[in-house]
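Below: one structure, written as structure tokens.
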Amino acid sequence: MLSFLGLRTLEELYSAIPEALRLGAELELLDGLPAEGLSETEVMAWMDGYARANIPVGRSSVCFAGGGAYDRGAPSATRSLAQRSEFVTSYTPYQPEVAQGVLQALFEYQTTVTALTGLDISNASLYDGASALVEAIRLAVAVTGRTAVLCSQGVHPAWRDVACTALPAASISLEMLPLRDGATAWPTGYGDAGGVPGERPGAIVVSYPNYLGCLEDIAAARRLADETLAILIVCFDPVAMGILRSPGSWGADVAVGEGQPLGMPLSFGGPYLGLFATRMDLARKLPGRLVGKTEDIDGRPAFVMTLRAREQDIRRERATSNVCTNQTLMAITAAIQLGWLGPGGLAEIARRSAVAAHYCRDELCALDGVRPLVGAPFFDEFAITLPIPAQIVIDRMLEEGYLAGIQVPPELNTGSDKGLLIAVTERRTLAEIDGFVAALAKVIC
Amino acid sequence: MLSFLGLRTLEELYSAIPEALRLGAELELLDGLPAEGLSETEVMAWMDGYARANIPVGRSSVCFAGGGAYDRGAPSATRSLAQRSEFVTSYTPYQPEVAQGVLQALFEYQTTVTALTGLDISNASLYDGASALVEAIRLAVAVTGRTAVLCSQGVHPAWRDVACTALPAASISLEMLPLRDGATAWPTGYGDAGGVPGERPGAIVVSYPNYLGCLEDIAAARRLADETLAILIVCFDPVAMGILRSPGSWGADVAVGEGQPLGMPLSFGGPYLGLFATRMDLARKLPGRLVGKTEDIDGRPAFVMTLRAREQDIRRERATSNVCTNQTLMAITAAIQLGWLGPGGLAEIARRSAVAAHYCRDELCALDGVRPLVGAPFFDEFAITLPIPAQIVIDRMLEEGYLAGIQVPPELNTGSDKGLLIAVTERRTLAEIDGFVAALAKVIC
Amino acid sequence: MNRGSEPTLLELSVPGRQAWSLQRNELPDRPIESCIPPEHLADHRPRLPEVSERDLVGHFTRLSHRQYSVDLGSYPLGSCTMKYNPKFADEVAALRGLADVHPAAPEQAIQGWLALVCDLEKALCSLVGMAGATFQPAAGAAGELTGLLMVRAFHAAGEARSRGGAAGGGAAGRGGGSGHASSGRTKVIIPDSAHGTNPASVTLAGYEAVTVPSDTRGCVDLAALREAIAGDVAAVMLTNPNTLGLFEEDIAEIARLAHNRGALLYYDGANLNAILGMVRPGDMGFDVVHLNLHKTFATPHGGGGPGSGPVLVSERLLDFLPGPRPALMGDGERYGWMVPERSIGRMHSWHGNALVVARALAYVLYNGSAGLRKVSNLAVLNANWIRKRLESSYQVPFDRPCMHEVVISAEKLKSDRGLSALDVAKRLLEEGFHAPTIYFPLIVREALMIEPTETESLQTLQALAEALERIASGTVERDAKPAPRTTPVGRVDEARAARRLEITG
Amino acid sequence: MNRGSEPTLLELSVPGRQAWSLQRNELPDRPIESCIPPEHLADHRPRLPEVSERDLVGHFTRLSHRQYSVDLGSYPLGSCTMKYNPKFADEVAALRGLADVHPAAPEQAIQGWLALVCDLEKALCSLVGMAGATFQPAAGAAGELTGLLMVRAFHAAGEARSRGGAAGGGAAGRGGGSGHASSGRTKVIIPDSAHGTNPASVTLAGYEAVTVPSDTRGCVDLAALREAIAGDVAAVMLTNPNTLGLFEEDIAEIARLAHNRGALLYYDGANLNAILGMVRPGDMGFDVVHLNLHKTFATPHGGGGPGSGPVLVSERLLDFLPGPRPALMGDGERYGWMVPERSIGRMHSWHGNALVVARALAYVLYNGSAGLRKVSNLAVLNANWIRKRLESSYQVPFDRPCMHEVVISAEKLKSDRGLSALDVAKRLLEEGFHAPTIYFPLIVREALMIEPTETESLQTLQALAEALERIASGTVERDAKPAPRTTPVGRVDEARAARRLEITG
Ligand SMILES: Cc1ncc(COP(=O)(O)O)c(C=O)c1O
Ligand SMILES: Cc1ncc(COP(=O)(O)O)c(C=O)c1O
């Protein structure tokens, strides 16, 4: 091939690179890694070394941690279908004629997300819950022209953190509304004495359930949005939608969520799946990819990315979102998983999780020194107050074989470090919960 | 659906079954198994219980056992391709127009087997090494019309056992030729004073390498076959073919082998892969499926099962083999694995195995009380004599983290139980071999 | 599916290209000639493909797109039970604690495997009404031979006993070449509808196959059977439901006839999918049963294997089972190997297709006894639906409810419109379905044998029926290109393949 | 691939059908209303499909047969680096010790993960010449925004410092809304060939995007850049090689210009596949680099993600990295989390697309530094081979060796024969290849951007070139049905999709 190019060495291909910049010596990438690399066997052994230095959930630590990442099941059917190499090794479906597989799967994904949210239109995925929230706020600002955001403190702390990192540069400001006994204290009359001061918000953000697992009064949030003509953004848990009212039914304008519980392993936090749905009249402001159904030249049904004019590659600096690569494979996974569950399965895992969580909280709160952190009704996650710092309990419980939960951020617990957030999914059995309660009783005394 | 059939209950579908025979009560299949079965999660947990009651090779026991089943590597590429559901969930390719995938893969498999064996024609797989041997003997008997078989005792004991189970019913008799210092003692002049008496054999069977790992004098076997006009059957190890002379080059008429080392896990003995190749002039006597290349109606290359008239579904009671379902998926696996290895990779794993085995034997035989069982040259497996019974050593070595090998059958060791058969594959590292030798030194004293 | 064509891997091969890589093993290098005498070393390397991993993956992925499969659609191939197999079985077979176990590992390393096999033995014995099993046979045909060799050993031992000779032990078990001569039983009766492996296995077991015809009901002709059965018959070999998908209603009478004459009754379990939990071969009077785990117990068929053909036997044949077999040891706590006293010997290099056995157990656990019954009920329901639906467009030779499969005939279509069973099959491929089994059983002209299985939905059955009806209303035009025309390749020239044998390349 | 069409899963849905099964959990049952106040309970279930597992598997398997992919063939989509990815990376991502780890587990449970991330950070820093990295961004675009926010925080802190104000701490880090006002730097310069995410990210970071044109060599017009660069420029954002596949030879001068004016140099690493081990962005003068692990570091693209867009920075930006980030603790034995002093904050719900990060590390280990250099060398070689080969049938706008990709033009084909870039692309689909990127970069008319990648063989390149040549020698006939005609669907009506928005169903 070199001779075809009239060259003698591969080096000559790089003649455009100034001599001075070119690397002379071999780079040292990692201790113990030879320059010529490792064989597959050695790579697997090396990577297995990391894997064995972790304590995964399962036999070695029964998972009671949630906080936005849940130990839910996925059947082998979901895994094996989502692993098909046609899905795994294709690019964004720019050529619809050879990408009907991915496109139709995304179309079906969009359909399930609208069903879960009770809204009209879903995009083809965003990175994660946090990025979905950020995009929702951008949309609200673009629609309302107002840059102030009222955000419930019950929204996932990390999502709020991401919003506070990403948005101020675009002159968007966030104001946090505190929780009272687990639910947002909504100002009743906007601009009134009892309400929040100043600028009218472009967006109101609330989580359902919220970070403490509690069920917020979304109707109140809707009323406030109506009063202020703000966009109401509801952060939702897709599994809860098996039994809870949908954001759409509560009047949300935008619903965002974390899709991980729909068939993705915990994965140390990623790849996850940002869920995003909104009203049809906001379609042209939708961030991210959108797949539409159309026809091919012979009139057969066909799918294609549509409303592309919104996107960064066309609108460039005038785009309201920069998303390009999203989480397509996770969206396909979710579509498969929801197909496996169906309405009945989703309702059943939601129901079981709720029942198990309530059982668990009752048992825990029967222990000396343990009590509920807040009184609001909850779905399948709840916070308790411990007699000793939560982190100590978490550490000790790990030795007992349990991932006990997550410390409630002191900002949500009047500065205390003794709050523990516990999630109970449909996978937890009576024996596991009873074992957990017994172990916790042991470590707190 | 029932009403379409004019029925009211599913039971009515079974009206043809005499009442008296019908089952009344629910069957008890297994303790603890509810009649309505288990969920996928529970099934996996139940099956995992068995898995955890085993000690697999790998970290928990470094494998030095062989005896026809080898701890060789397979890359993830082989695994992932062989798991594609189109291969996994299709039937025998009766409809070639929709089975070109399996058919072409089998055609390529046949091609690799002929390359390894140096013979002209391979079938599309048999069950395992033993069944391949049985079919080879049947072929020899059918070709020669003679039912006596001379079989080297160096042939795998289990294969010989299968032959002795399956063949006498068809009036085929086997005579075993003993080993002398690891190699078959071939009678020199047939019917002479020094030779075997009586009936001329229809087949002569020898293994290369043989069960003790030794390299037999195939030329001598060929000479005896020529003298007696017998069919020479050589049992071969496919990996050894990376560097050793092929059965075909030694003049074998039929070559049979165990294909497990070509990408199949140890699998507690199955599914494995029976390799079978022979001369072109014996094609019409070939047992099992055969794929041929042809054309479709438009002249495009196409593959199809051919010479079907040999098979049981057409020839019925006159068929010389009853094989129907074979080990197609394993044959495809082998074709993929050999594609991954290529000639260079196969030669390299053969070379490495041989070098490692010779190093290992030298180190072991430097230990007090350990010596080679036989003196013949060997490939990558060898037998040693221990100062104590092999089974004791095997048991103790397991506790040290090694699968030490297999006890040499006393019939091959003048009745002694102190012979240990050890295989060293390309996967074994210097550290593992040195560890193995040190552990063995410990357990024998 | 992928049209066009795909070169072979050898055609893609380029000298020097390589996919493989091996770990460093740190062993001191040493010339191979110092290990192996030069006369044993090959002077050239085998002609294998040289490709990159990328080319390898591309090649086999493209090949997979030229292959129909159950996961792609309905596969109503009669007698083959091409049902959908739950995916978790793949994960079971991949468990390292099962897959990475050496078959010759000492007993303490394989307690899980031994327990697994014993558990499946127990469950299957309960399901078919037998007393014990061997899992060595790697497929149905191997099971048949194994079962027949046990029949043989049984008769030989009986003969030896009745002659007061030294019964038991290896000699009788092995059923040596002269076994049937001494027992005087030289024949095995099979119906004319039998699967080809049955007569072939009978011959391999050293017996003469005697065929009895079917009667107008599609069942064994009792009169003919009565005539055929005599003191020289070692066994009667049946499948029930038979290969016409019909239940042999006279099975009790057949059993009586056989047993009265000292013959054993052999059950080819390929059709067990029809009767799980409804009726048991043991209760019908069978003495030996082989099962095709790859049919009824949901191992995907792998393009033609691996299978597993365990043989289950009644009490009186227990002693003849192949060995070694796993068993709970005397202490009741530990599993080990044992060899039955009069074992016929080994039928596999190791212990059979163990991973298939594991899959089958997982399937049993998933379904439970009630679930398995439901499997059969739905399989039978689906077949009857198809039968009823196609009554008007095809001929249904036997006018009675079928079991899990139905044989229809294109005989009239052929005479009326020139459409043979083959034409129907090839056109069905165009419609996106796999074809039924055709020209089998041999006793029905232009036979199309349809086994929808329980995993296909009514919608799929409807689509299948519509396709078959559409085809039935067509004709074969003389000059038109024959079907199929939309498949990866068109009608394949099978004659040319046999004429110009090209079997490598 | 599969022609015909496939109903949606909802269309296959039948009320009451079910695939799911759940383990028994033995919990005492309890009405849901006793847990959750009724006003929160939905009065109907979401409209999800109701299908059997068999139907589910059939559906998605058939869909997969309607999808082209790298594993099926060449995918020369420019700017996307659609290389073949070694399969073991899938097994890495499936390791339970990696996949089943909760992101909020305490440090003692995640030592492996923390070490893994730190190790990849080290390797990548060495490879691009940077001092530290964040792995939070989930894709390239997220990396861009992250990098620009750091640029912003850096300038704000510098400004604060230079004004003697209280630098450091969250305030500066967060680069609040008024950040650039205070720093006086309001602009980011990008070339007109930039990828669309670049200007979009610039706007989202609160900057004004200033575009500089390319010169006749296809590189940044230095004169124009000189003019544009002033004290109000926060950064110059480039990719090198640029999106024309050409190396910006004046990069040192560009860096000097930027740095002299106090601006930072941002590197869009989407094209890193060209220069691994040959030249480092850090050595070219870049201050911030984002990488697309899903391009260069061989994560299969998943139909459009997940990706991973780590941002690597030089020493002086280290303090602004998002937090928390993994680090080896003081004792040198244990890993933990730390938040950089002036961190901009979080950019992901957790720690980024961790499993993609693991894949990337496995890829680095597999190749080593020499192997990675070879990757680039072959990528560049392949692109140049294609460039040279197609010189005569297409136009190559810039007559100089390219790097890992080449932009050709169908402009002449269009005027001579009526073949647009789109026509060429669609015809290539018929030939069994994926199409190149078309109409990008925007500055080349009828652009076809071909990135063959290092994993395609000469044979594949030849076949691709032949197909392109065949196409170039054709013409568009007015009335003929437009290409592609052999794909699962024909030319798709994109306008209709936008006109009659149907986005669920
Ligand atoms: C009725 C019947 N008997 C026996 C067999 C043989 O089984 P196998 O193919 O597993 O050898 C089959 C399957 O092909 C069959 O359908
Ligand atoms: C040059 C260039 N920059 C940035 C991006 C954006 O990366 P991502 O799609 O991961 O967000 C891409 C990829 O699409 C690209 O090609």
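Here is how names work: the chains are called A, B, and so on, in the same order as the sequence lines, proteins then strands, and each is numbered from 1.
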For this session: Measure centre to centre between the rings of C:His40 and B:Phe379, then say whether the value is under 6.0 Å.
Result: no
For this session: Check each of C:Leu246, C:Val380, C:Asn384 against C:Pro401 using the side-chain contact (heavy atoms from CB on, under 4.5 Å) test, and report the only one that passes.
Result: C:Asn384
Let's test your reading of the structure: which of [options] forms the most heavy-atom pairs below 4.5 Å with chain B?
| options | value |
| --- | --- |
| C:Leu204, C:Val364, C:Asp493, C:Val70 | C:Leu204 |
| C:Val51, C:Asp283, C:Leu501 | C:Leu501 |
| C:Ala435, C:Gly505, C:Gly352 | C:Gly505 |

Considering only heavy atoms and a distance below 4.5 Å, find which of [options] pairs most often with chain C.
| options | answer |
| --- | --- |
| B:Ser249, B:Ala69, B:Ser61 | B:Ala69 |
| B:Glu28, B:Arg22, B:Glu26 | B:Glu26 |
| B:Leu398, B:Ile314, B:Leu346, B:Val323 | B:Leu398 |
| B:Ala319, B:Gly37, B:Pro34, B:Pro343 | B:Pro343 |
| B:Gln391, B:Arg245, B:Glu258 | B:Arg245 |
| B:Ala16, B:Ser15, B:Ala130 | B:Ala16 |

Between [X] and chain B, which part of the residue has a heavy atom less than 4.5 Å away: side chain, backbone, both or neither?
| X | result |
| --- | --- |
| C:Val202 | neither |
| C:Gln18 | neither |
| C:Leu77 | side chain |
| C:Ala362 | both |
| C:His59 | side chain |
| C:Pro28 | both |
| C:Tyr75 | side chain |
| C:His195 | both |
| C:Asp29 | side chain |
| C:Asn377 | both |
| C:Arg400 | side chain |
| C:Ala425 | side chain |
| C:Leu95 | side chain |
| C:Ile251 | side chain |

Exercise. Which bit of B:Asp120 is near chain C, if near means a heavy-atom gap under 4.5 Å: side chain, backbone, both or neither?
Worked result: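 The backbone, not the side chain.
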For this session: Please flag which part of B:Thr112 lies under 4.5 Å from any non-hydrogen atom of chain C: side chain, backbone, both or neither.
Result: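 It is both, since atoms from each part get that close.
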Exercise. Angle class for the B:Trp159/B:His156 ring planes (parallel below 30°, perpendicular above 60°, tilted otherwise)?
Worked result: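 Answer is parallel, since the angle falls under 30°.
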Problem set entry | Partner set under side chain to side chain donor-acceptor pair (under 3.5 Å) for C:His351, not counting sequence neighbours |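 Scan of C:His351 (side chain to side chain donor-acceptor pair (under 3.5 Å), adjacent residues dropped) gives none.
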Problem set entry | Sequence-distant partners of C:Trp113, side chain to side chain donor-acceptor pair (under 3.5 Å), two or more places apart |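 Applying side chain to side chain donor-acceptor pair (under 3.5 Å) to C:Trp113 gives none.
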Problem set entry | Heavy atoms from other residues, nucleotides or ligands near CZ of B:Arg52 exceed 12 (cutoff 6.0 Å) |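 For B:Arg52, atom CZ is crowded (more than 12 foreign heavy atoms under 6.0 Å).
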For this session: Step through the shown structure and confirm whether more than 12 heavy atoms of other residues, nucleotides or ligands are within 6.0 Å of CZ on C:Arg96.
Result: no
Exercise. Roughly how far, to the nearest 0.5 Å, is CG of C:Asn85 from NE2 of C:His294?
Worked result: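 The NE2 atom of C:His294 sits 11.5 Å away from the CG atom of C:Asn85.
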For this session: Look only at the side chain of B:Tyr272 and the backbone of B:Leu266, and say whether a donor-acceptor pair between them is shorter than 3.5 Å.
Result: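 Yes: the side chain of B:Tyr272 pairs with the backbone of B:Leu266.
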Problem set entry | Salt-bridge criterion met for B:Glu295 and B:Arg300 (N-O under 4.0 Å) | no
Exercise. Would you call C:Arg24 and C:Glu26 a salt bridge, using N to O less than 4.0 angstrom?
Worked result: no
Exercise. Does any donor atom in the side chain of B:Thr328 or B:Asn326 lie under 3.5 Å from an acceptor atom in the other side chain?
Worked result: yes
Problem set entry | Steps toward side-chain contact (heavy atoms from CB on, under 4.5 Å) verdict (C:Phe60, B:Glu108) | CA-CA 11 Å; C:Phe60 282 101; B:Glu108 298 187 12; 4.0 Å; yes
